[in-house]
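Below is one structure, written out as structure tokens; the observations come after it.
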Amino acid sequence: MLKTLVKRSFARAWRKLEDDERINKRIALVEVERSSRPEFGDFSSGIALAEAKNTTLSAHELATEFANALSTDITAELYSQVEIAGPGFVNVFLAPSLIHSALREILEMGDRFGYSTTGQEKPVQVEFVSSNPTGPLTVGHGRQAVLGDVLASLYTTLGYKVSREYYFNDEGHQIDLLAQSLWARYRQEFGDTTSIPEQGYQGEYIVDIARQLVEEPGPSLADFDEQTSNRFKQEAISRISSMIKNDLDLLGVKFDSWFSEQTLHHSGEVTAALEALKACGGIYEREGAIWLKTKENHGVKDSVLMRSDGRPTYLMVDIAYHINKHRRGFVHVINVQGADHQVEQSCMRAAMRILGYPEDFLDYAVHQFVSIKEHEKITRMSTRAGKFILLNDLLNELGRDVVRYFMVARKPTSHLEFDIDLARTQSLDNPLYYIQYAHTRIASIFRRVGSPALSPQVDLRPLEKREELDLIKQLDRFPEMLQQAAFEFSPHLVTDYALTLARAFHAYYDSYRVLGDQERLTTARLALLRGVQIVLHRSLQLLGLSIPEEM
RNA sequence: GCGCCCGUAGCUCAGUGGACAGAGCAACGGCCUUCUAAGCCGUUGGCCGGAGGUUCGAAUCCUCCCGGGCGUACCA
């Protein structure tokens, strides 16, 4: 990668300066940035500005010394030019031969370009969606599903062994309410006036399921006794979870494992978790309940683990779940969650600290909510009140690619306003097509010339236009961008990047002909296009979008 | 009240310490006998919510204020 080479060169040059008596002999970390504008070269450093105060030199004088030290790398064919600009920036312009070597590297790597061994095959888990099986997925879950899926792909690319997991809350109060709600709808089908519990589920889908139950088991179940309750629980869970799985399938999200909350209760892991916390001195009793010492472990506030009636809270079970994750050998667990879980997140971190797990074991990729704008009205969603827009409806109307793109193109910490009308009328203007179109244009050229094999040893010297060198520099940035997108939980950087690359390609395509009479030039340009194709392909693949050969 | 997130062009959003603030959409004007015009080129449009502070340098960091969202359950 070019940046690595430049960094090394800058560090070498700075070390030479350290012998200068006017400069304190301190090791400075030489910051190297990609320049913001073409006039400022390819890379620049503001180190002279930052370090001048530690010397007897002015920023400009220090920059001059630094630039002189760098200039030996001009003869080494790293740079074509080294400049001092503004108050004391040092800017370097890369030599074309160096830029060509970056493309050569990409051609050598082929489809493996962007993959790295950073992760050393360490097992990482991404847990996401984990929606209660109490209703179909909404567009909000859709955002989380796409976010988690792309994050998982990014970590895979960086060399981690990634597992996607869905935690199924198939036990507890909400499930009881669900069963009661379904029961009420079922009785209503027979003309009874049974009403839905106050906090119960109002959605249409409950009515649909109730109608199915009219056929089988039929009207026989007239009392809501324990047996009937269990029957309705299982019916509701199994039917709703298959709805969920179907929606995720449509969205192109596949999980490696589905973890049932019930298993934690049945295996005794909840009790064991409580014992473990107790052994570490992390709990206390008050008002008949057992509490977690969250606050003295950097958390927000203490929370109840065991209610005074002896039943565990959701948090207690979730801690047991995380102990289970740890036991399964994951070194890093990333939970994708909505912004409404902040207290839980703080409690869970406290619990991990109490148990003595490494600080970096648990991480949360937090995302803000999705609101839906339709006919100038903004709707917020509530599953219980039956007020929501279904992911399924959105997928049927707009298709997987458009939905995925909308969901991932935004920074997770920003609220996502999903404008339905805009999505309908402008789905054809979606930037997604702009990216895919770039890929098809390249594919079309390769079809025309019969997809020749392009050796990395191909002569790249004919690539001397500014646009060509710029394209290569864009490609070279890909691996850096992937690292940032993964570690900062920011998959939107991938869409941003792909868009910028597509733009540079389209502009180039319109200005220059690839296929021509001069064989050397044509071959070199084909090599460049191969590079762009590889990176666009990888980007679309990471985002889970289709990769069309023609449109 | 307290905690977290957000406030950037008409709209939806990037940019979180660097040099004159970016994109898509919308608006306006050009470009198809040539590798796919789902494209390209150009124009219009912003005292980066406000006020202080730190810094050689602030949309970016700190403090306060204003506006919006989400929390603040012995719910999940």
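Chain A is the first sequence line, chain B the second, and so forth, proteins listed ahead of strands; every chain is numbered from 1. Any value given below was found using the heavy atoms of this structure, including those in side chains, with hydrogens, waters and symmetry copies removed. The structure displayed is predicted, hence computed values, not measured ones.
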**Asked** Do side-chain atoms of A/Y314 reach the backbone of A/L305 as a donor and acceptor pair under 3.5 angstrom?
**Response** no
**Prompt:** How does RNA chain B look in dot-bracket notation if pairs are Watson-Crick or G-U with both distances under 3.5 Å, crossing ones as [ ], other-strand ones as |?
**Reply:** (((((((..((((....[...)))).(((((.......))))).....(((((..]....))))))))))))....
**Complete:** A/F259 atom CZ is separated from B/rA76 atom P, nearest whole Å, by 18 Å
**Prompt:** Heavy atoms under 4.0 Å, any strand shown: does A/G46 hit a base, just sugar-phosphate, or nothing?
**Reply:** base
**Request:** Would you mind telling me which residue lines up with the more 5' stretch of RNA chain B, A/A502 or A/F369, judged by nearest nucleotide?
**Result:** A/A502
**Request:** Select one nucleotide: of B/rC35, B/rG24, B/rA76, the one nearest the side-chain heavy atoms of A/P431.
**Result:** B/rG24
**Asked** Using the benzene-type ring in the case of Trp, are the ring centres of A/F43 and A/F93 under 6.0 Å apart?
**Response** no
**Asked** When the aromatic ring centroids of A/Y167 and A/Y321 are compared, is their separation below 6.0 Å?
**Response** yes
**Request:** Could you tell me whether A/R410 contacts a base, only the sugar-phosphate backbone, or nothing, with contacts defined as non-hydrogen atoms closer than 4.0 Å?
**Result:** sugar-phosphate
**Prompt:** Any stacking of A/F40 on B/rA19, going by centres under 5.5 angstrom and planes within less than 30 degrees?
**Reply:** yes
**Asked** Going through the distances and angles, do A/I319 and A/L277 end up as a side chain to side chain contact (heavy atoms under 4.5 Å, CB included)?
**Response** CA-CA 9 Å; A/I319 292 173; A/L277 287 170; 4.0 Å; yes
**Listed nucleotide nearest any side-chain atom of A/R448, set B/rC40, B/rC35, B/rA76** = B/rC35
**Message:** For a quick check of understanding: with a heavy-atom distance under 4.0 Å over all strands, which category does A/Y512 fall into, base, sugar-phosphate or nothing?
**Reply:** base
**Prompt:** Is there a side-chain polar atom (N or O) of A/R441 under 4.0 Å from OP1 or OP2 of B/rA37?
**Reply:** yes
**Prompt:** Base, sugar-phosphate alone, or nothing: which one does A/V300 contact when heavy atoms must sit under 4.0 Å apart?
**Reply:** nothing
Please enumerate all protein N or O atoms sitting under 3.5 Å from an N or O of nucleotides 4-6 of chain B, with distances to 0.1 Å.
unit_1, atom_1, unit_2, atom_2, d
B/rC5, O2', A/Q368, NE2, 3.1
B/rC5, O2', A/T413, O, 2.6

**Request:** Using a 4.0 Å heavy-atom cut-off across all strands, classify A/E39 as base, sugar-phosphate, or nothing.
**Result:** base
**Asked** Can a donor-acceptor pair under 3.5 Å be found between the side-chain atoms of A/E51 and the base atoms of B/rC56?
**Response** no
**Prompt:** Rounded to the Å, how far apart are A/N430 CG and B/rU12 C1'?
**Reply:** 12 Å
**Prompt:** Ignoring hydrogens and angles, are the base of B/rA19 and the side chain of A/S44 linked by a donor-acceptor pair under 3.5 Å?
**Reply:** yes
**Item:** Side chains of A/D401 and A/Q436, donor plus acceptor under 3.5 Å
**Value:** yes
**Message:** For A/Y166 and A/F255, I'd like to know if the aromatic rings sit close, meaning centre-to-centre distance below 6.0 Å.
**Reply:** yes
**Request:** For B/rC25 and B/rC40, measure between their P atoms and round to the nearest Å.
**Result:** 9 Å
**Message:** Can you tell me which nucleotide in B/rC35, B/rC74, B/rG39 comes closest to the side chain of A/L515?
**Reply:** B/rC35
**Request:** Measure from the side chain of A/N132, starting at C-beta and using heavy atoms only, and say which of B/rA76, B/rA19, B/rC40 lies closest.
**Result:** B/rA76
**Message:** Using a heavy-atom cut-off of 4.0 Å across all strands, would you classify A/E488 as base, sugar-phosphate, or nothing?
**Reply:** nothing
**Prompt:** Syn or anti: how is B/rC32 classified when any glycosidic angle within 90° of 0 counts as syn?
**Reply:** syn
**Prompt:** For atom P, what is the distance between B/rA51 and B/rU16, given to the nearest Å?
**Reply:** 24 Å
**Request:** Name the nucleic acid region contacted by A/A409, choosing base, sugar-phosphate or nothing; use a 4.0 angstrom heavy-atom cut-off, strictly under.
**Result:** nothing
**Asked** Nearest to the side chain of A/N169 - B/rA76, B/rC35, B/rA38?
**Response** B/rA76
**Request:** Grab the CZ-C1' distance between A/R286 and B/rA73 for me, whole Å please.
**Result:** 13 Å
**Asked** Which whole-number value in Å describes the distance from A/Y433 OH to B/rC25 C1'?
**Response** 15 Å
**Asked** Hey, does A/L391 have a side-chain heavy atom less than 4.5 Å from the side chain of A/V403?
**Response** yes
**Request:** Can you label the angle between the A/F505 ring and the A/Y509 ring as parallel, tilted or perpendicular, going by 30° and 60°?
**Result:** tilted
**Prompt:** Distance between the P atoms of B/rA14 and B/rG24, in whole angstroms?
**Reply:** 16 Å
**Prompt:** Within 45° of the six-membered ring axis of A/F446 and under 6.0 Å from that ring's centre, is NZ or CZ of A/R530 located there?
**Reply:** yes
**Message:** Considering every strand and a 4.0 Å limit on heavy-atom distances, what is the contact class for A/E287: base, sugar-phosphate, or nothing?
**Reply:** base
**Request:** Could you give the distance separating B/rA19 and B/rG7 at their C1' atoms, to the nearest angstrom?
**Result:** 26 Å
**Asked** Can you check whether A/Y508 has a side-chain N or O nearer than 4.0 Å to OP1 or OP2 of B/rC35?
**Response** no
**Asked** Does the distance from a Lys or Arg side-chain N to an Asp or Glu carboxylate O, for A/K473 and A/D470, drop under 4.0 Å?
**Response** yes
**Request:** Mark yes or no: A/K301 above the aromatic ring of A/W291, with NZ or CZ under 6.0 Å from the six-membered ring centre and no more than 45 degrees from the axis.
**Result:** no
Considering only nitrogen or oxygen atoms on both sides, find all protein atoms under 3.5 Å from nucleotides 21-23 of chain B and state each distance.
unit_1, atom_1, unit_2, atom_2, d
B/rG22, OP1, A/R37, NH2, 3.0
B/rA23, O3', A/R503, NH2, 3.3
B/rA23, O2', A/R503, NH2, 2.9

**Prompt:** Whole Å only: how far is the CD atom of A/E31 from the P atom of B/rU16?
**Reply:** 14 Å
**Message:** Does A/H492 reach a base, just sugar-phosphate, or nothing at all? Heavy atoms under 4.0 Å.
**Reply:** sugar-phosphate
**Message:** Say we look at B/rU33 and B/rA38: how far apart would their P atoms be, to the nearest angstrom?
**Reply:** 15 Å
**Request:** Assign the ring pair A/H439 / A/H537 to parallel, tilted or perpendicular, where the plane angle (0 to 90°) is split at 30° and 60°.
**Result:** tilted
**Message:** What's the separation between atom CG in A/L521 and atom CD in A/E468, rounded to the nearest 0.5 Å?
**Reply:** 7.0 Å
**Request:** Please state whether the base of B/rA76 and the side chain of A/D170 form at least one donor-acceptor pair under 3.5 Å?
**Result:** no
**Item:** Pairwise P distance, B/rG17 and B/rA58 [rounded to whole Å]
**Value:** 14 Å
**Request:** Report which part of the nucleic acid A/A289 touches: base, sugar-phosphate, or nothing (heavy-atom distance under 4.0 Å, all strands).
**Result:** base
**Message:** What's the gap between B/rA27 and B/rG18 when it is taken at their C1' atoms, as a whole Å value?
**Reply:** 34 Å
**Item:** Validation row: A/L178, A/I206 side chains within 4.5 angstrom (heavy atoms)
**Value:** yes
**Message:** I'd like the C1' distance from B/rU43 over to B/rC13, given in whole Å.
**Reply:** 22 Å
**Request:** Look at all strands and tell whether A/Y509 reaches a base, only sugar-phosphate, or nothing, counting heavy atoms closer than 4.0 Å.
**Result:** base
**Aromatic ring proximity A/Y434/A/H506, centre distance under 6.0 Å** = yes
